[in-house]
Amino acid sequence: MPSLAPPTIAAGDFVLILSCPDRPGIVHAVSGFLVARGGNILESQQFGDRLSGTFFMRIDVEVPGPATAEELRAEFAPIAAEFEMRFELWDARAPYRTLIMVSKHLHCLNDLLFRTSTGSLQIEVPAVVSNHEDAAEMAASYGVPFFHVPVTPDTKPEAEARLLSLVKELDVHLVVLARYMQVLSDDLCRSLSGRAINIHHSFLPSFKGAKPYHQAFDRGVKLVGATAHYVTGDLDEGPIIEQDVMRVDHSYDQDAMVGAGRDVEAQVLSRAVRWHSQSRVLLNGSRTVVFR
């Protein structure tokens with residue numbers, strides 16, 4: 001039975017996610033472990049990918065008595081080994097420490113900070129990092145530390161080293177590129193694999209470079225959209241988490257089309273961050289499984 005908890009609040013004490021080669025007995029083994037621990041499963045979702053032969057599962061569970069995520073991980077490890085599972089088990093209400101990176105377009109940053117301030121995102125933001133100073137005032141208005149890390153072709157290695165040092169110093173779980181207009185190096189992408197999310201408009205590859213919305217307007221497009229995906233070394237080609245579109249028509253001028261695009265970008269990115277922070281996104285090769 002689906003959980004009746006609000007979508008922004010975890011229903012149980014812990015969340016378990018896993019993937020492994022598909023075979024009989026997985027659900028029985030996992031549920032048996034939780035029953036033996038006195039657990040009450042409040043939400044369970046699963047998916048078997050026949051193409052890859054991989055099984056995916058997410059469970060939201062209440063566990064009585066004193067228990068920590070570390071203890072449960074250790075107890076579950078033998079079952080995980082038997083079934084060749086990759087798994088994570090977290091305190092369901094623990095907020096993801098999320099570092100946000102931005103350049104000069106601040107709509108996604110503002111949306112994330114506002115949603116965080118109202119409790120609709122299960123994250124806490126220890127820092128905003130930017131290669132420009134435009135976001136300093138907005139970050140200050142939300143009481144979030146701001147770090148200006150300029151980037152030039154000559155200083156890019158030092159800038160990325162500074163970013164990684166902040167990720168480590170601030171115990172960051174997730175990095176969000178909220179319209180951060182710099183290409184990350186392959187080494188940095190590998191360092192942040194599976195824990196960095198990017199947002200971009202969905203006009204690619206048709207309309208590249210500066211002012212893509214103006215290019216789209218000149219071609220008379222009827223849909224604007226956005227894509228949120230994990231960051232990889234392949235520019236804008238990482239595993240997709242969420243996408244959406246909005247219909248436009250002849251009454252939209254360039255500015256109205258830009259505004260519509262910004263709205264879609266902010267909504268798509270916030271959903272991707274919400275699902276990731278609730279352990280609802282599992283990597284499946286170049287694709288994702290999203291248990292919404």
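The figures that follow rest on heavy atoms only: side chains count, while hydrogens, waters and symmetry mates do not.
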Tell me which donor-acceptor pairs under 3.5 Å the side chains of residues 159-168 have, and how far apart each pair is, sequence neighbours excluded?
{"unit_1": "Glu160", "atom_1": "OE1", "unit_2": "Ser185", "atom_2": "OG", "d": "2.5"}
{"unit_1": "Glu160", "atom_1": "OE2", "unit_2": "Ser185", "atom_2": "N", "d": "2.9"}
{"unit_1": "Ser165", "atom_1": "OG", "unit_2": "Arg162", "atom_2": "O", "d": "2.6"}

**Asked** Heavy-atom count around Glu169 CD within 6.0 Å, excluding the residue itself: above 12?
**Response**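 Enclosed.
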
If you count every heavy atom of other residues, nucleotides or ligands that lies below 6.0 Å from Arg23 atom CZ, does the total exceed 12?
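Enclosed: over 12 neighbouring heavy atoms sit under 6.0 Å from CZ of Arg23.
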
Any sub-3.5 Å donor-acceptor pair from Gln122's side-chain atoms to Ala94's backbone N or O?
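Yes: the side chain of Gln122 pairs with the backbone of Ala94.
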
Report task. Establish whether Trp275 and Val231 are linked, either directly or via other cluster members, by ILVMFWY side-chain heavy-atom contacts under 4.5 Å. Result ->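 Different clusters.
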
Just verifying a value: how many Å separate [X] [atom1] and [Y] [atom2], rounded to the nearest 0.5 Å?
X      : Y      : atom1 : atom2 : answer
Ile241 : Arg280 : CD1   : CZ    : 14.0 Å
Thr227 : His201 : OG1   : NE2   : 10.0 Å
His276 : Ile123 : NE2   : CD1   : 10.5 Å

Query - Closest non-hydrogen atom pair between Asp134 and Ser103, with its separation - result: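 Of all heavy-atom pairs spanning Asp134 and Ser103, the closest is CB-O, 4.4 Å.
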
Practice problem: Compare every heavy atom of Arg37 with every heavy atom of Ala67, then report the nearest pair and how far apart it is. | Solution: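 The answer is CB-NH2, 3.8 Å.
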
* To do: Run through Phe14, Phe33, Phe83 and flag the one making a ring-ring contact (aromatic ring centres under 6.0 Å, His included) with Phe76.
  =>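 For Phe76, the ring-ring contact (aromatic ring centres under 6.0 Å, His included) check succeeds only for Phe33.
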
Check: residues 170-181 side-chain donor-acceptor pairs under 3.5 Å, at least two apart:
{"unit_1": "His173", "atom_1": "ND1", "unit_2": "Arg97", "atom_2": "N", "d": "3.0"}
{"unit_1": "Arg179", "atom_1": "NH1", "unit_2": "Glu265", "atom_2": "OE1", "d": "3.0"}
{"unit_1": "Arg179", "atom_1": "NH1", "unit_2": "Glu265", "atom_2": "OE2", "d": "3.4"}

